There are 2 protein chains.
Amino acid sequence: MRKPSFILDPRLDADTRLAASLALCDVRLMNDARFPWLVLVPRRTGLVEIADLPADEQTLLWQEVNCASAALRAVAPCDKLNLGALGNIVRQLHVHVVARCEGDAAWPGPVWGHGSAQPYAEADLTARLVALRQALAPTAG
Amino acid sequence: MRKPSFILDPRLDADTRLAASLALCDVRLMNDARFPWLVLVPRRTGLVEIADLPADEQTLLWQEVNCASAALRAVAPCDKLNLGALGNIVRQLHVHVVARCEGDAAWPGPVWGHGSAQPYAEADLTARLVALRQALAPTAG
């Protein structure tokens, strides 16, 4: 029997744009110009908690989070990375990597649930996605 | 030359109580009765980001996060685990594991920065620490 194919949660789909596909995860850029913000989504069905992934894929997930963090920092220098796996609203397993700068719109609080997203201008969104793809290219292979 | 000995950040020290010492991390209970909430602190000096840990210790960190998550769930059944590594206020590397229930004080938002901690009654704090120590005993060895 074939594995059911992966379907991205519609809310994640609406809020983000694909930057790159790594071995396990899609790396997606949150369309919110207030914060440089990636969401990593393992292309697996039925996962809610990190522990739902087999151990070898958990290791891969954290490696990909590291690569995505480095890529994000390269295109958007920051004072602190914020990592989160919440899933209170969207249950499909996803990990947030956010580049935080002192004095940004939510500093020093968390970005989740803070105000409303401010979509990028189209040209800025494209430029950021291109830069991220380039920074992730060695990982995306 | 001896390694400088580990000193816990004074704010983490004030806000939490030690539940157990694992191979890498101290597992500490946040003294906030609103949310069953653990903080894992690797006993290493000078770390800010996850990527500051050597790869083998990152693997160990995530294994200990898994064990702590399972222990927390065992003593405080929940609807969703929230995992976070923020460090915007306290820079010493630490990972949050929070047991969230639908309708809790911050649901569905994040717990970080939400209102003020509500300390446990002393007997409840002791009981929770004892239960956590028991649940973590196989890991603490």
Side-chain angles (χ1 to χ4, degrees), chain A residues 11 35 37 40 47-74 78-115, chain B residues 11 35 37 40 47-74 78-115:
Chain A
R11 174 144 180 183
F35 313 105
W37 181 345
L40 282 82
L47 303 181
V48 174
E49 304 287 358
I50 305 280
D52 295 340
L53 273 174
D56 58 331
E57 294 195 336
Q58 287 186 41
T59 303
L60 188 53
L61 170 67
W62 296 122
Q63 285 169 356
E64 294 187 353
V65 165
N66 281 354
C67 294
S69 301
L72 185 62
R73 267 207 133 129
C78 66
D79 296 313
K80 188 69 192 70
L81 289 171
N82 284 185
L83 204 80
L86 291 87
N88 302 340
I89 296 170
V90 170
R91 289 294 165 104
Q92 183 174 67
L93 181 63
H94 59 289
V95 177
H96 300 268
V97 181
V98 193
R100 303 299 306 276
C101 290
E102 292 179 21
D104 70 24
W107 188 266
V111 296
W112 305 286
H114 183 90
Chain B
R11 174 143 180 181
F35 312 105
W37 182 344
L40 282 82
L47 303 180
V48 174
E49 303 287 359
I50 304 280
D52 296 339
L53 273 173
D56 58 330
E57 293 195 337
Q58 287 185 42
T59 303
L60 188 53
L61 169 67
W62 296 122
Q63 285 169 356
E64 294 186 353
V65 165
N66 280 354
C67 294
S69 302
L72 185 63
R73 267 209 134 127
C78 66
D79 296 313
K80 188 69 193 71
L81 289 172
N82 285 184
L83 204 79
L86 290 87
N88 303 339
I89 295 171
V90 171
R91 288 296 165 103
Q92 183 175 68
L93 181 63
H94 59 287
V95 177
H96 302 266
V97 181
V98 193
R100 303 299 306 275
C101 291
E102 291 179 22
D104 69 26
W107 187 265
V111 295
W112 304 285
H114 182 90

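Proteins get letters first, then strands, A, B, ... in listed order; numbering begins at 1 in each. Since we're looking at a predicted model, the values are computed, not measured.
- At a 4.5 Å heavy-atom cutoff, Val98(A) makes no contact with chain B through either its backbone or its side chain.
- The side chain to side chain contact (heavy atoms under 4.5 Å, CB included) test applied to Ala105(B) returns Arg34(B), Phe35(B), not counting sequence neighbours.
- A distance of 7.5 Å separates CG of Leu83(B) from CG of Leu83(A), quoted to the nearest 0.5 Å.
- Listed options Gly109(A), Gly84(A), Pro110(A) were ranked by heavy-atom pairs under 4.5 angstrom with chain B; first place goes to Pro110(A).
- Annotation: maximal heavy-atom pairing with chain A below 4.5 Å, among Gly113(B), Ala55(B), Pro108(B), occurs at Pro108(B).
- Between the Glu49(A) side chain and the Leu81(B) main chain, a donor and an acceptor come within less than 3.5 Å of each other.
- Listed in order of number, the residues of residues 86-95 of chain B that approach chain A to under 4.5 Å between heavy atoms are Leu86(B), Gly87(B), Asn88(B), Ile89(B), Arg91(B).
- Residue pairs satisfying the ring pair (Phe, Tyr, Trp, His ring centres under 6.0 Å) criterion with at least one member in residues 49-74 of chain B, sequence neighbours excluded, are listed as follows: Trp62(A)-Trp62(B).
- Residues from residues 63-73 of chain B that place a non-hydrogen atom less than 4.5 Å from a non-hydrogen atom of chain A comprise Asn66(B), Arg73(B), given in numerical order.
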